[in-house]
A.B. asks: 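I am attaching a structure below and will ask some questions about it afterwards.
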Amino acid sequence: MSVVDKREENSASVRVRFAPSPTGHLHIGGARTALYNWLFARRHRGVFVLRLEDTDLERSTEEAVRQIIDSLRWLGLDWDEGPEVEGGFGPYRQTERAGLYRRAAERLIAEEKAFYCYCLPEELEAERTRARAAGRPVVYQGRCRGLSEADAQKLKDEGHRPAIRLKTPTAGKTVVHDIIRGAVEFDNAQLGDFILVRSSGTPTYNFAAAVDDASMKITHVIRGDDHLPNTPRQLLLMEALDLEPPKYAHLPLILGPDRSPLSKRHGDVSVDEFRSRGFLPEALRNYLALLGWSLDDKTTFFSTEDLVGKFSLERVGCTAAVFDTGKLVWMNGHYIRNMDERRLAGQIEDYVKRTRLAGLPGKAGRPRVPELTPLVQEKMKTLADFVILTDFFFLPVNFEEKALARLKSAERAVEILKATAEILSSLPVFDAESLEVSLRAAASRMSVKVGKFLEPVRIAVSGKAVTPGMFETLSVLGREKSVNRIKAAQQLLQSPGSNQD
RNA sequence: GCCCCCAUCGUCUAGUGGCCUAGGACACCGCCCUUUCAAGGCGGCGGCGGGGAUUCGAAUUCCCCUGGGGGCACCA
């Protein structure tokens with residue numbers, strides 16, 4: 001810890017940002033990007049900025065803003081500047097920064113580093129199609145770059161609304177010094193004079209991102225791999241604007257099981273969905289941290305403090321990673337087993353409330369979550385498992401097909417159930433210890449192994465083949481319900497219709 | 001078509017020229033423990049995409065190929 005602290009001293013000025021476009025839920029890939037940014041900021045005692053890239057008016061929604069903010073909060077990734085907290089470099093929505101982009105664009109025009117382009121989208125599209133067909137590079141040909149004053153005026157008079165393009169160097173290379181990948185070279189000629197401002201007056205992604213990263217004094221841009229080809233454009237822009245560029249780190253993508261980029265096709269991909277499925281934020285953080293980053297060859301579990309203390313971009317890998325839900329489930333189970341029992345009970349209560357699952361516990365006369373939690377804690381892998389494991393405490397017995405078959409074919413089941421009902425009815429103290437003593441004794445009297453003895457009891461009382469420990473289960477279920485259910489099962493077995501083959 | 005990125009067990013990864021007959025984790029398969037199921041313990045299966053080159057020596061360096069991915073938008 002002290003080693004870390006020492007090194008922090010001179011990196012106190014780190015500023016990073018997470019810049020989602022609010023067009024949907026927070027995607028698991030975005031969550032990892034946010035996490036890495038957050039870790040990097042915390043690790044260097046820097047500032048984590050949340051910026052909304054909402055320049056696409058068509059697709060951006062307030063609903064999406066809400067969801068992204070909720071998901072980030074739930075994940076525990078708090079931002080120092082951004083929506084709802086503000087800060088000295090705001091506003092933090094690009095739609096509210098229009099003046100900034102306009103001034104930058106005007107300056108570039110005035111300095112003749114950018115120009116108005118009157119080409120129609122359809123014309124450009126046609127040209128691209130031609131270029132592709134002819135095997136030529138698909139780059140803007142610079143038609144309006146050298147437009148004369150007179151021609152420009154004429155087009156303007158005809159009512160054409162121009163876009164603004166950057167004059168990109170036609171020769172030379174732009175090199176991106178990526179922290180994760182090293183130097184990556186791009187031919188300037190391949191870049192083309194890209195659009196800065198749409199004819200509608202709104203800035204494009206590259207323009208807004210470059211202006212904002214610089215004006216917000218971002219020191220490290222940590223983002224997805226898919227932005228690597230954009231980086232030379234942003235670099236060129238900052239150069240034209242005479243702005244100090246940040247350092248860049250491009251994270252490899254997250255893939256689905258079929259090795260294509262993770263998307264809705266692969267099922268649950270939003271943080272919100274993982275929350276609904278009963279995953280813990282600390283488990284998701286731990287799993288996501290390891291999806292692309294590692295400390296060494298053996299450390300798997302990291303508390304958030306560990307992560308903050310040990311995370312580094314240098315140890316982020318270059319390879320795209322497949323998202324393995326199975327491993328997340330396992331890790332979540334580990335966190336559940338190791339959680340303080342009372343805290344877990346609280347989480348379960350919140351979860352059940354939030355998801356409104358069947359068998360809502362807690363009504364008068366029913367067992368409460370804190371009472372049930374210790375019975376199922378070590379069996380749960382997600383919070384959702386709680387309901388699956390304990391529903392029979394709240395609901396009438398609903399026999400699972402497999403369990404019913406097993407009950408019917410169990411040896412001496414009727415005899416066992418009868419004996420158990422008698423014991424339960426007459427037990428002076430109805431608690432787990434007494435139950436264990438007397439039921440073990442009964443099994444031994446009947447020369448039946450305890451496991452075999454308990455099987456029909458388990459199924460009678462729960463309708464399931466799998467339950468928490470039987471003695472604890474009976475004791476929490478209570479004498480009356482236990483006896484009633486056992487007697488009911490006994491009758492079921494003895495009724496004429498229950499013959500089986 | 002052009003530009004760029006990537007390549008170790010099924011999956012996540014360690015590995016930065018000899019410590020590697022390649023280590024760990026998930027999954028899978030056995031065994032143990034056990035009141036079921038989990039959990040836990042022990043063991044097993046399983047990998048450096050291919051070809052050249054450099055070197056006394058390559059998972060590790062270079063080149064080519066192959067495969068995967070991203071970009072080439074008035075989307076972000």
Side-chain angles (χ1 to χ4, degrees), chain A residues 19-21 23 53-56 58-60 117 119-121 124-125 128 131-140 161-165 176 178 181 184-187 189-192 194-206 208-209 224-232 250 252-253 255 257 259-261 287 290-301 317-324 326-331 333-334 337 376-381 385 389 403 406 436 439-440 443 449-455 457-459 462 464-471 473:
Chain A
S21 53
T23 56
E53 309 222 326
D54 54 355
T55 56
D56 184 348
E58 307 277 295
R59 299 197 300 144
S60 300
C117 173
C119 296
L120 266 20
L124 296 166
E125 182 56 43
R128 275 195 294 272
R132 227 179 287 266
R136 274 182 282 124
V138 184
V139 184
Y140 175 72
R161 314 240 91 238
I164 299 175
R165 291 180 183 268
V176 177
D178 190 89
R181 282 156 223 283
V184 184
E185 290 188 349
F186 294 86
D187 269 319
Q190 294 271 352
L191 266 22
F194 57 96
I195 296 203
L196 270 26
V197 181
R198 292 183 263 259
S199 48
S200 65
T202 56
T204 59
Y205 164 73
N206 278 122
D225 219 353
D226 43 339
H227 289 291
L228 188 53
N230 283 323
T231 311
H250 287 93
L253 268 65
L255 311 176
R259 298 211 137 263
S260 70
Y287 178 74
L290 252 19
L291 204 60
W293 171 85
S294 65
L295 177 68
D296 54 32
D297 59 340
K298 42 200 54 163
T299 318
T300 303
F301 296 107
C318 294
T319 336
V322 173
F323 189 88
D324 182 357
K327 192 161 182 173
L328 207 213
V329 168
W330 163 79
M331 185 167 272
H334 171 92
R337 286 192 296 280
V376 294
Q377 179 164 14
E378 60 179 17
K379 296 187 195 314
M380 291 171 60
K381 293 208 170 72
D385 287 342
L389 257 13
R406 205 181 282 183
E436 174 154 18
L439 291 178
R440 277 187 188 280
K449 287 182 113 180
V450 185
K452 282 291 165 198
F453 183 92
L454 256 15
E455 184 173 62
V457 178
R458 161 172 292 112
I459 298 169
S462 69
K464 296 172 192 287
V466 176
T467 68
M470 224 39 238
F471 310 122
T473 297

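In what follows, chains carry the letters A, B, and so on, assigned in the order in which the sequence lines appear, proteins first and then strands, with residues in each chain numbered from 1.
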A.B. asks: On a whole-Å scale, what distance lies between the P atoms belonging to B/rA22 and B/rG50?
C.D. replies: 16 Å
A.B. asks: Hey, which of these two, A/Tyr140 or A/Cys318, hits RNA chain B nearer its 5' end, going by closest nucleotide?
C.D. replies: A/Cys318
A.B. asks: In whole Å, what separates the P atom of B/rC4 from that of B/rG40?
C.D. replies: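 That atom pair is separated by 48 Å.
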A.B. asks: What's the gap between B/rC65 and B/rC3 when it is taken at their P atoms, as a whole Å value?
C.D. replies: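 These two P atoms come out 12 Å apart once rounded.
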A.B. asks: Counting any heavy atom closer than 4.0 Å, what does A/Glu53 reach on the DNA or RNA strands: base, sugar-phosphate only, or nothing?
C.D. replies: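 Sugar-phosphate, backbone atoms only, no base.
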A.B. asks: Would you classify A/Tyr287 as touching base, sugar-phosphate or nothing, given that sugar-phosphate means primed atoms plus P, OP1 and OP2, and contacts are heavy atoms under 4.0 Å?
C.D. replies: nothing
A.B. asks: Respond yes when some side-chain nitrogen or oxygen of A/Arg259 is under 4.0 Å from OP1 or OP2 of B/rU11, and no when none is.
C.D. replies: yes
A.B. asks: Which part of the nucleic acid, if any, lies within contact of A/Ala465, taking any heavy atom under 4.0 Å across all strands shown: a base, the sugar-phosphate backbone alone, or nothing?
C.D. replies: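 Touches a base.
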A.B. asks: Checking contacts here: which listed nucleotide (B/rC5, B/rU36, B/rA76) is nearest the side-chain heavy atoms of A/Leu228?
C.D. replies: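 Minimum distance to the A/Leu228 side chain belongs to B/rC5.
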A.B. asks: B/rC75, B/rC6, B/rU35: which one has an atom nearest the side-chain heavy atoms of A/Thr319?
C.D. replies: B/rC6
A.B. asks: In whole Å, what separates the P atom of B/rC45 from that of B/rU8?
C.D. replies: 22 Å
A.B. asks: Could you list, one pair per line, each protein nitrogen or oxygen that sits under 3.5 Å from a nitrogen or oxygen of nucleotides 46-50 of chain B, together with the distance?
C.D. replies:
none

A.B. asks: Using the C1' atom as the reference point in each nucleotide, state the distance between B/rC48 and B/rC9 in Å, no decimals.
C.D. replies: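 Comparing C1' positions in B/rC48 and B/rC9 gives a spacing of 10 Å.
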A.B. asks: With respect to the side chain of A/Val466, which nucleotide from B/rC5, B/rA76, B/rC37 is positioned closest?
C.D. replies: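 Taking heavy atoms from C-beta onward, the closest nucleotide is B/rC37.
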A.B. asks: Side chains of A/Thr473 and A/Phe471: closer than 4.5 Å at any heavy-atom pair?
C.D. replies: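 They are not in contact (no side-chain heavy atoms under 4.5 Å apart), so the answer is no.
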A.B. asks: So for atom CZ, which belongs to A/Arg337, do other residues, nucleotides or ligands contribute more than 12 heavy atoms lying within a distance under 6.0 Å?
C.D. replies: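 Check passes, neighbour count above 12.
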A.B. asks: For the pair A/Ser294 (side chain) and A/Leu290 (backbone), establish whether a donor and an acceptor sit closer than 3.5 Å, ignoring hydrogens and angles.
C.D. replies: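 No, the answer is negative, given that no donor and acceptor are paired below the 3.5 Å cut-off.
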A.B. asks: Is there a side-chain contact between A/Ser199 and the phosphate of B/rC74, meaning an N or O under 4.0 Å from OP1 or OP2?
C.D. replies: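 Answer is no, no contact under 4.0 Å.
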A.B. asks: Mind telling me whether A/Trp330 and A/Phe301 have parallel, tilted or perpendicular rings, with 30° and 60° as the class edges?
C.D. replies: tilted
A.B. asks: Against A/His250, only a single residue in A/Asp225, A/Asp226, A/Asn230, A/Thr231 fulfils side chain to side chain donor-acceptor pair (under 3.5 Å); can you say which?
C.D. replies: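 Output: one option passes, namely A/Thr231.
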A.B. asks: Using a heavy-atom cut-off of under 4.0 Å over every strand shown, decide if A/Ile195 touches base, sugar-phosphate, or nothing.
C.D. replies: base
A.B. asks: Report, as a single string ordered 5' to 3', how protein heavy atoms within less than 4.0 Å touch nucleotides 19-34 of chain B: B base, S sugar-phosphate only, - not at all.
C.D. replies: ----BSBS--------
A.B. asks: With a 4.0 Å cutoff (strictly under), does any side-chain N or O of A/Arg128 reach OP1 or OP2 of B/rC2?
C.D. replies: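 False: A/Arg128 side-chain N/O out of range (4.0 Å or more) of B/rC2 OP1/OP2.
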